[in-house]
Every structure is written in C-alpha cells, then in structure tokens.
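The block underneath contains the structure these notes are about, expressed in structure tokens.
For the numbers below, each heavy atom of this structure counts, side chains included, while hydrogens, waters and symmetry mates do not.
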Protein chains: 2
Amino acid sequence: MTDKPTVPSAGLRRDMEILELLAGHGDDRDADGFGVTWIAQRLGREKSQVSRALRALELEGMVERDPVTRRYRLGWRLFALAARTQHARLVQVAAPYLRGLTTTFDEDAYLCVLRGNLVLTLMSVPSSRIYHRVWEGISVPLLMAAAGRSLVADWDEQRVRDLLSATTLPSGLESAVGGTEEWLADLAHVRSCGYAVTDVELEDSTAGVSAPVRDHRGLITAAISVSVARTHPAARLHEIGAAVGETARQLSISLGLVPHGRPIMSPMRGSP
Amino acid sequence: MTDKPTVPSAGLRRDMEILELLAGHGDDRDADGFGVTWIAQRLGREKSQVSRALRALELEGMVERDPVTRRYRLGWRLFALAARTQHARLVQVAAPYLRGLTTTFDEDAYLCVLRGNLVLTLMSVPSSRIYHRVWEGISVPLLMAAAGRSLVADWDEQRVRDLLSATTLPSGLESAVGGTEEWLADLAHVRSCGYAVTDVELEDSTAGVSAPVRDHRGLITAAISVSVARTHPAARLHEIGAAVGETARQLSISLGLVPHGRPIMSPMRGSP
DNA sequence: AAAACTAGGTGCAACTAGCGCAACAGTAGT
DNA sequence: ACTACTGTTGCGCTAGTTGCACCTAGTTTT
C-alpha cells in the first residue's frame, strides 16, 4: 500500500518501535520496564500483536522481562551485539583520552559521532561534580550539539548552508545557534586551530568545547566535546579548547592517522 | 507447522541470524563487514531475501553499509539501544572499580553476567602487557568461565549438580573443570570468603580469580573476574582474590546493597 | 573490447505468516 | 464475591514475504 512493498519491513518496524520505546523514554528514570498494554497503546497497535512480538524478542534476548513485575526492558543481546560494533572499538580506544580530559579539567567529556543530521553520543565521562544525566545513546540535532561544529568541519560550504537553512529549530533557539556566517567562521577555526568553541548549548548554562577525531584517512569520524561551566572566563575556554584539540589529535593517531599536519583536502562527498 | 504458529518469529529470526553473523565471526579480525552473497549462503537463504532484509535493517540503523566496499556491518542503533540497557548502567558504575584492580595488579579484569548457562562478558579492562583479545559481548559456557563459580555461588546444591551433570564439555576439558564436590567446595568458599579461585581456564595459561557482585536485594547479578598469570605463586592468587572480593563488595554497595554482613553468608567480614 | 564471470538488486505470482477481533485467563483492588 | 484490570490465545482473512528468474553493474579473462 505504501511505497515499499518488496522490503520486509513491517515486522522489523514494529520491533524497532518497541525497542525504541523501551529505550527511549528519554528523561524518565523509572527504568523498571513497561507492560504490554502500555506499549500497545503508546504504539497504537493491538495488544496481542505487541504481546507476541515481545515474546519473540525475548526469545532472541533483545528484551527481557522482569520475572516478578512482568515488565519488559531491553535485553542482554543488544549489549552483546553492540560490543562487536565498530563504535565499541572507538569507545574502547577513546576512553582513556576522555578520562584524561575529565581528570585534568574536572568537566564532563563526551565522544560523539554524526548520524544523518543527528549527533549521537557514544560515551560520556562525567565530572566529579554532580550526578549528570546519562547521555550515551542519545541523539540531538546537529545544530544543538556541542560537538556539531567539529563533526562537520570538513563539509564544503554549500552543504553547511543547506544544513543551516534546512533545519528548523525549536522555540526561541534561533538566536542561540548563531548565524550562517558565524558557523562557517567556526568551522574554519576548527580546521586551523583544531577545536571549536560553542557558546550556547542545549539547556544547561554551559559552554562547549569540541574537537574532531579523524580516522586513518583523515576523515572526521567522531568528535570529543567537553562542557565547560559558564563561570569560567573566555580565556579558559580556549585553554581547554587547545587541550581538547590536542587530545583529539592523539586519539586520531591511535586510530591510525598519520601524524603529519597536512592541509585538509576536501574529500568529495557525494550524496548528502 | 512446528509448534509456534502464533508468534511472529520468522522475520525476526532471520534478522537476528544476520546480526549474529555480522557480529559473531568470533576470532576473525577482518571486521570490514560482509557481502550479501556471503551472508546468504552462510545462512542458507535466498540472496534476494538477505538483500532486502539488510536494506530494511540498514534503514533502521541496525546495520550500516560501507559506501565504498558495499559491505555490511553492525550499525549505530545497536550502540544507542545498548547504552540504555540496565547492563550499560552496571558497566558505568563498575568501570572505575575494574580499572582500580587492573592498575593495582596489572592483570586483565572482567565484568560478567549470567545468561542461561552462558557467561556473558560485559566489560574487560586489559592489562598493560599484551594486546589482549576483545571479550566484550562474548559468551562462554558457565563451566569454562573464570567468573562461573562466583555467578552461581548462591545456587542450591541440587541445581549445581544438575548443571554439572547436564553439561557436556568439549574435548578433554573434563579433568580441567574439576569434579562436582570440588565445585561445591569452591562455591562454599565464595560464600564464606567472598571470592573464588579457578585454576584451569579456557585456553591461555592463566588462572582466574572472581567475586560476585550483588544488587540491592543481595542477589548475585554479576561477577568481577581477574585473570592471573600462572607464574604467580598460589599465595598471590589468594591475595588478589581478597582484593577482588573487596572490590566486588564495594561495587555491590554502589549498586545499592546494604553493607551489612548478611546472616547466613559471611559473618567474618571486618568493617573497613 | 567483447565475453565471461560475479555480486547485488528487482518484478511478480504464489503462498503463508501475522493481523485483528473477540473471547479467555490471571491478578489486584473494593 | 464483584469489578477492573493486564496479558494471552484461537482462528479466518488479508497483506507482506518468498523464491524464482531476470536484470544491472562492476571486475576479470581472452
């Protein structure tokens, strides 16, 4: 009926919706799982369908059910599979670098990658201060992420312009993100100095400093970002920025980048 | 036809087989992905079917395809979902404890959980020595895992006997695992002293030391294990064992265990 | 360069797996 | 007990998946 009759997606889509729902309640903290009925009406599907799907998913270990509350939550298999991802390797290598930054500055450090126009946080190393929100596995719009500027630093100008004009921002954040020219200047700064400073962030009153991580071909595959409390003077931001840039460079070398500072030649990116 | 006509499992099973195949080539290191045809004949399924399934999986982010080699590998979504698992929280909390052990003894430290009769390694902190194999996401039979004895320490005797008699061991490892009585004695040792020492392990010539991690209810939910080079004297094994036991106890407290010596288990634990 | 080979993708009719309804079975609250 | 739940199951019907054959695109052979 739709437009993809030949792709087996019906069952998978349902399963993914369920998994996303089990994972994604975002900021709620009642992680003790969800019942069949709740999921069903949240998804607008039949109870029976959800019940059977969950049973199948449980059989595969994608979800597991609390034996006493009979509620479902995400299962061990996801963990086992994720550990074999290339991202897992990246996290493994990056972990000591991030921890180094955190211990040096006592600020939260993050490792992020770009997925479409969203920034996915792979790993976070919280500072000693407060119990900070868990960011792993969370995606935020590119424009709103501290690591955003670093992740797109190598994009050609037109693509950046397209992104900025195409994205519609949530309420009253337009001014916070800054204009197109400002963005392009920031990207140039990343390419020349190796780090970016972002002034306005998502919700909390912190600035962000980030730097791109490159693979063996020199392509940006990830970014390190550090949130800095706004109470610091601007000079300190750049001090931290330099450190973050250097850390990202060393991480890149660990990932196979030849440590020769060469001009970034634009690798022709085909499809957006 | 079989016995589960009402559970939607056909598509899911196919997808899981694909994912497992993409994840699970075990010890190969060519992690540059796999092609459609290879997967299809490895699975004994139609090319077209696999092609379409992979496209659907890619659309959901469960797999991703290298744009140049056109090979598939596990995708970012798995990482995002796994980060929201309860296991992710466990790893987050346990990480500093494991790192503490590794830096103290310079031996590999692992965090494992029990899944059925398999021991799944959630996290490994390698020692500084050699590049050690990646164990995260790998399951090994309960009897062969260093953490095995700690994970089943609270099982009642009959259940342990059933397990030992039910399991068939691979070639010539029967003697290595040890007899039933020996196992039961080891479990008693875990309950009284808080750690287990395993002499014979999987492949490498290392002994293992492990200790159970308990949740807020006192139930064993995970285990820490440390592999110890056989060159150490036996006394050192117990020295490390005591440290691992203490670390596991502190981790348990971090997870909400009331740090009170419970009645039946270990009364002789001095206060720190 | 054409032929031969391979890997991956597509169109379509047949068929069966899974949907949805409704009835059923547990469990808790009153 | 009744009432109000949540979760599971039986079964006819339909829509989604299957498998074959064919097709496209890239790579090697002659």
Measure from [atom1] on [X] to [atom2] on [N] and round the result to the nearest Å.
X	N	atom1	atom2	answer
B:L57	C:dG9	CG	P	13 Å
B:R71	C:dG9	CZ	C1'	17 Å
A:D15	C:dA17	CG	C1'	14 Å
A:L54	C:dG18	CG	C1'	15 Å
A:R45	C:dC19	CZ	P	8 Å
A:R65	D:dT6	CZ	P	14 Å
A:Q49	C:dG18	CD	P	11 Å
A:K47	C:dA23	NZ	P	12 Å

Does a side chain donor of either A:T121 or A:E136 reach within less than 3.5 Å of an acceptor in the other side chain?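 Note: A:T121 and A:E136 side chains miss the donor-acceptor criterion.
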Between B:S150 and B:S210: side-chain donor-acceptor atoms closer than 3.5 Å: yes
Looking only at N and O atoms, is any donor in the side chain of [X] or the base of [N] less than 3.5 Å from an acceptor on the other one?
X	N	result
A:R70	C:dG26	no
B:R52	D:dG16	no
A:R13	D:dG16	no

Decide, yes or no, whether a salt bridge links B:R45 with B:E17 under the criterion of side-chain N to carboxylate O below 4.0 Å.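 Looking at B:R45 and B:E17, the cut-off is met.
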Quick test of your reading of the model: are A:R77 and A:E64 salt-bridged, counting only N-O distances below 4.0 Å? no
Report yes if a side-chain nitrogen or oxygen of B:S48 is closer than 4.0 Å to either non-bridging phosphate oxygen (OP1 or OP2) of C:dG9; otherwise report no. no
With the side chain of [X] defined as its heavy atoms from C-beta on, choose the nearest nucleotide among [options].
X	options	answer
B:V36	D:dT8, C:dG18, C:dG9	C:dG9
A:T37	D:dG7, C:dG8, C:dC12	D:dG7
A:R14	C:dC19, C:dG20, C:dT10	C:dC19
B:A10	D:dT8, D:dT18, C:dA17	C:dA17
A:E46	C:dC21, D:dG7, C:dG9	C:dC21

With rounding to the nearest 0.5 Å, note down the distance linking CG in A:L22 to OG1 in B:T85. 10.0 Å
